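One-based numbering, in listed order, for ligands and for the atoms of each. As the structure is a prediction and not an experimental result, all values here were calculated from the model. Below, each value reflects all heavy atoms present in this structure, side chains not excepted, and no hydrogens, waters or symmetry copies.
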Amino acid sequence: MRAPKDFFRPLAVGAPTPVREVPFRPSRMIHFFDPGNEKMAAKIPVIAPTVDVLLGNLEDAVAADRKEAARDGLVKIARATDFGDTQLWTRINSLDSPWVLDDLLTLVTEIGDKLDVIMVPKVEGAADIHYIDRLLAQLEAKAGVRRPILVHAILETATGVAGVEEIAGASPRMQGVSLGPADLAASRRMKTTRVGGGHPGYLVRQDPDTQDADAPRATYQQDLWHYTLARMVDACAAHGILPYYGPFGDIKDTTACEDQFRNAFLLGCVGAWSLHPVQIGIAKKVFSPSPDEVRWARRVIEAMGDGTGAVMLDGKMQDDATFKQCQVVVELAEALAARDPELRAAYDAAGEE
Ligand SMILES: CC(C)(COP(=O)(O)OP(=O)(O)OC[C@H]1O[C@@H](n2cnc3c(N)ncnc32)[C@H](O)[C@@H]1OP(=O)(O)O)[C@@H](O)C(=O)NCCC(=O)NCCSC(=O)C[C@](C)(O)C(=O)O
Ligand SMILES: [Mg+2]
């Protein structure tokens with residue numbers, strides 16, 4: 001652990017100065033693609049303007065004999081594409097893999113100026129982030145990268161969850177954390193074989209009818225990920241970084257995907273991953289506050305004046321705390337609308353009603 005006064009010092013001579021605050025840039029969907037897959041790569045110029053974040057994936061889902069093709073493909077795509085204000089991220093291979101060192105050496109020196117965030121899988125504790133932090137500083141200095149590349153951790157081992165607070169605060173580079181429900185399930189020996197989402201066996205059952213013991217009893221499916229997600233959100237909020245739901249693997253079940261994303265949004269997450277083009281629109285819809293919500297939040301802020309005291313609005317008590325809740329909604333809406341003209345129009349129209 002560095003002394004507080006050294007926390008924001010560059011970790012290598014010539015490396016850019018670390019950021020003091022994580023810039024809030026819209027990241028409702030982190031769209032995954034395999035840069036070595038020609039069919040997917042061909043779609044990138046068209047997909048880029050429709051997503052907040054494009055992520056060239058080098059880790060799981062890229063076969064061992066395609067690792068180099070994926071890495072080289074990402075360099076090629078990053079050089080050839082103008083991403084506008086869409087962010088470019090990558091997911092490198094895990095720190096114990098034979099590929100990660102070359103991933104970092106190649107990507108930072110070849111396309112370091114184009115990469116906004118590096119996602120690190122299977123992070124187990126602050127030591128993993130410290131390793132990446134120093135190496136990135138050395139590589140940034142070597143390559144003359146002008147602004148620091150940020151780091152995003154995936155929470156996908158039991159050890160990682162147990163240390164999520166120290167991971168979130170390990171470096172000024174920390175941009176955010178995502179849930180990795182598949183590896184995490186395996187690490188914990190959970191008995192779900194799904195990538196995120198619920199499970200019909202994880203439920204609570206209504207009490208028996210005292211008059212009729214044989215009467216049918218309703219069951220209610222529960223959220224397997226609630227504890228982890230809530231803990232992750234707290235760790236991120238406490239350290240001023242951003243929490244994300246991760247992937248939802250049942251591509252065809254767009255309804256359950258939307259539900260899972262919405263739970264994460266309501267709990268504090270700013271986005272989720274899209275693994276397939278069909279999930280882009282779902283994330284966009286879910287992680288943008290609805291125009292009605294924004295209109296209501298604006299009304300509360302207006303009614304609250306300087307933000308202190310208590311007033312009634314449509315039968316509901318408003319005070320200093322609800323003022324802050326509404327600011328969260330309005331500030332998010334403004335940040336999203338600044339790069340999404342459709343949303344801008346929807347929020348403006350809601351304001352005129
Ligand atoms: C699911 C798959 C196999 C279905 O791929 P498909 O080709 O069978 O699907 P399709 O519906 O037939 O695709 C239609 C068209 O869209 C294209 N396409 C399809 N997907 C994409 C995409 N993402 N981006 C851009 N284009 C895409 C695809 O190539 C095809 O093009 P075509 O019309 O020219 O034939 C495919 O979508 C895919 O490989 N997606 C990415 C998977 C991935 O990145 N997985 C890793 C993240 S999840 C994870 O790692 C877990 C975690 C966190 O680590 C942990 O919980 O532990
Ligand atoms: Mg994983």
Side-chain angles (χ1 to χ4, degrees), residues 29-64 66-67 69-71 73-74 77 81 83 86 88-97 99-100 103 117-124 128 152-161 164 167 176-190 192-199 224-225 228-229 232 243-254 257 260-261 264 269 271-284:
M29 71 300 287
I30 302 169
H31 184 72
F32 270 59
F33 74 100
D34 172 355
N37 175 323
E38 279 171 20
K39 273 211 267 175
M40 281 194 201
K43 293 192 167 51
I44 292 312
V46 178
I47 289 180
T50 70
V51 297
D52 294 335
V53 178
L54 261 180
L55 182 145
N57 177 35
L58 308 184
E59 199 224 9
D60 293 356
V62 174
R66 299 292 301 162
K67 294 291 186 188
R71 189 192 297 142
L74 183 55
I77 292 165
T81 315
F83 296 103
T86 297
L88 179 66
W89 296 18
T90 185
R91 178 170 77 169
I92 55 171
N93 285 288
S94 62
L95 297 180
D96 60 356
S97 74
W99 305 290
V100 64
D103 290 346
V117 175
I118 290 182
M119 187 183 269
V120 185
K122 304 176 177 78
V123 172
E124 302 248 79
D128 287 343
H152 182 109
I154 317 179
L155 210 53
E156 47 187 354
T157 67
T159 315
V161 176
V164 63
I167 292 169
V177 181
S178 285
L179 174 72
D183 270 299
L184 182 55
S187 163
R188 284 176 171 162
R189 307 185 66 75
M190 290 167 73
T192 171
T193 52
R194 301 171 176 202
V195 179
H199 192 290
L224 277 172
W225 304 106
T228 314
L229 214 53
M232 185 184 87
Y244 298 77
Y245 184 74
F248 187 85
D250 193 343
I251 309 287
K252 294 274 181 262
D253 193 351
T254 50
C257 175
Q260 183 80 69
F261 284 6
C269 290
W273 303 5
S274 52
L275 300 185
H276 185 279
V278 76
Q279 294 182 333
I280 295 172
I282 301 173
K284 194 170 193 162

Nearest 0.5 Å, what's the [atom1]-[atom2] distance between [X] and [Y]?
X      : Y      : atom1 : atom2 : result
Thr193 : His199 : OG1   : NE2   : 6.5 Å
Asn93  : Lys122 : CG    : NZ    : 8.5 Å
Thr50  : Ile280 : OG1   : CD1   : 4.5 Å
Thr90  : Met119 : OG1   : CE    : 9.5 Å
Arg71  : Trp99  : CZ    : CH2   : 9.5 Å

Exercise. Check the angle between the aromatic planes of Phe32 and Trp273 and answer parallel, tilted or perpendicular using the 30° and 60° thresholds.
Key: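 Ring orientation of Phe32 relative to Trp273: parallel.
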For [X], the ligand 1 atoms whose distance to one of its heavy atoms is below 4.0 Å:
X      : answer
Ile47  : 25 (C)
Asp60  : 46 (C)
Asp183 : 54 (O), 55 (C), 56 (O), 57 (O)

Practice problem: Identify the residue among Ile92, Asp34, Val62 that makes a side chain to side chain contact (heavy atoms under 4.5 Å, CB included) with Asn57. | Solution: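 It is Val62, the one option of Ile92, Asp34, Val62 that forms the side chain to side chain contact (heavy atoms under 4.5 Å, CB included) with Asn57.
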Practice problem: Using the side chain to side chain contact (heavy atoms under 4.5 Å, CB included) rule, pick out the option among Met29, Arg91, His31 that qualifies with Leu55. | Solution: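 Of the listed options, the one satisfying the test is Arg91.
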Just by distance, do the side chain of [X] and the backbone of [Y] share a donor-acceptor pair under 3.5 Å?
X      : Y      : answer
Thr192 : Arg194 : yes
Ser94  : Pro121 : no
Gln260 : Tyr245 : no
Thr159 : Glu124 : no

In the protein, what heavy atom is nearest to [atom], and what distance, to one decimal place, separates them?
atom                    : result
atom 56 (O) of ligand 1 : Ala182 N, 2.7 Å
atom 10 (P) of ligand 1 : His276 NE2, 3.5 Å
atom 39 (O) of ligand 1 : Met40 CE, 3.3 Å

Under-4.0 Å protein heavy-atom contact, [atom]:
atom                    : value
atom 26 (N) of ligand 1 : yes
atom 3 (C) of ligand 1  : no
atom 35 (O) of ligand 1 : yes
atom 12 (O) of ligand 1 : no

May I have the list of side-chain donor-acceptor pairs in residues 37-47 shorter than 3.5 Å, sequence neighbours left out?
{"residue": "Asn37", "atom": "OD1", "partner": "Lys39", "partner atom": "N", "Å": "3.0"}
{"residue": "Asn37", "atom": "OD1", "partner": "Met40", "partner atom": "N", "Å": "3.1"}

Self-check item: side-chain contact (heavy atoms from CB on, under 4.5 Å) assessment of Leu184 paired with Leu155
Solution: CA-CA 7 Å; Leu184 182 55; Leu155 210 53; 5.7 Å; no
Quiz prompt | Heteroatoms of the protein, restricted to N/O/S, which lie under 2.8 Å from the Mg ion (ligand 2) | solution =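 Counting only protein N, O or S atoms under 2.8 Å from the Mg ion (ligand 2), the list reads Glu156 OE1, Asp183 OD2.
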One residue to check: [X]. Relative to ligand 1, which of side chain, backbone, both or neither has a non-hydrogen atom less than 4.0 Å away?
X      : answer
Leu275 : both
Pro181 : both
Arg91  : side chain
Val195 : neither
Ala61  : side chain

Exercise. For Gly246 and ligand 1, answer yes if some heavy atom of the residue is under 4.0 Å from a ligand atom, otherwise no.
Key: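 Flag not set, Gly246 not near ligand 1.
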Quiz prompt | Per atom 17 (C) of ligand 1, closest listed option by heavy atom (Lys39, His31, Glu38, Lys43) | solution =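 Among Lys39, His31, Glu38, Lys43, the closest heavy atom to atom 17 (C) of ligand 1 belongs to Lys43.
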Practice problem: Closest by any non-hydrogen atom to atom 48 (S) of ligand 1: pick that one out of Pro277, Pro247, Ser187. | Solution: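 Looking at heavy atoms only, the winner is Pro247.
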Practice problem: Compare all side-chain heavy atoms of Asp183 with those of Asp60 and state whether any distance is below 4.5 angstrom. | Solution: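 Touching, per the 4.5 Å side-chain cut-off.
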Quiz item: Is Glu156 close to ligand 1, meaning an N/O of one under 3.5 Å from an N/O of the other?
Solution: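 By distance alone, the answer is yes.
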Quiz item: Any N or O of Phe32 that comes nearer than 3.5 Å to an N or O of ligand 1?
Solution: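 Checking ligand 1 against Phe32, an N or O pair does fall under 3.5 Å apart.
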Quiz prompt | Any side-chain donor near an acceptor of the partner, Arg188 and Thr228, under 3.5 Å | solution =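 Present: a donor and an acceptor within the cut-off.
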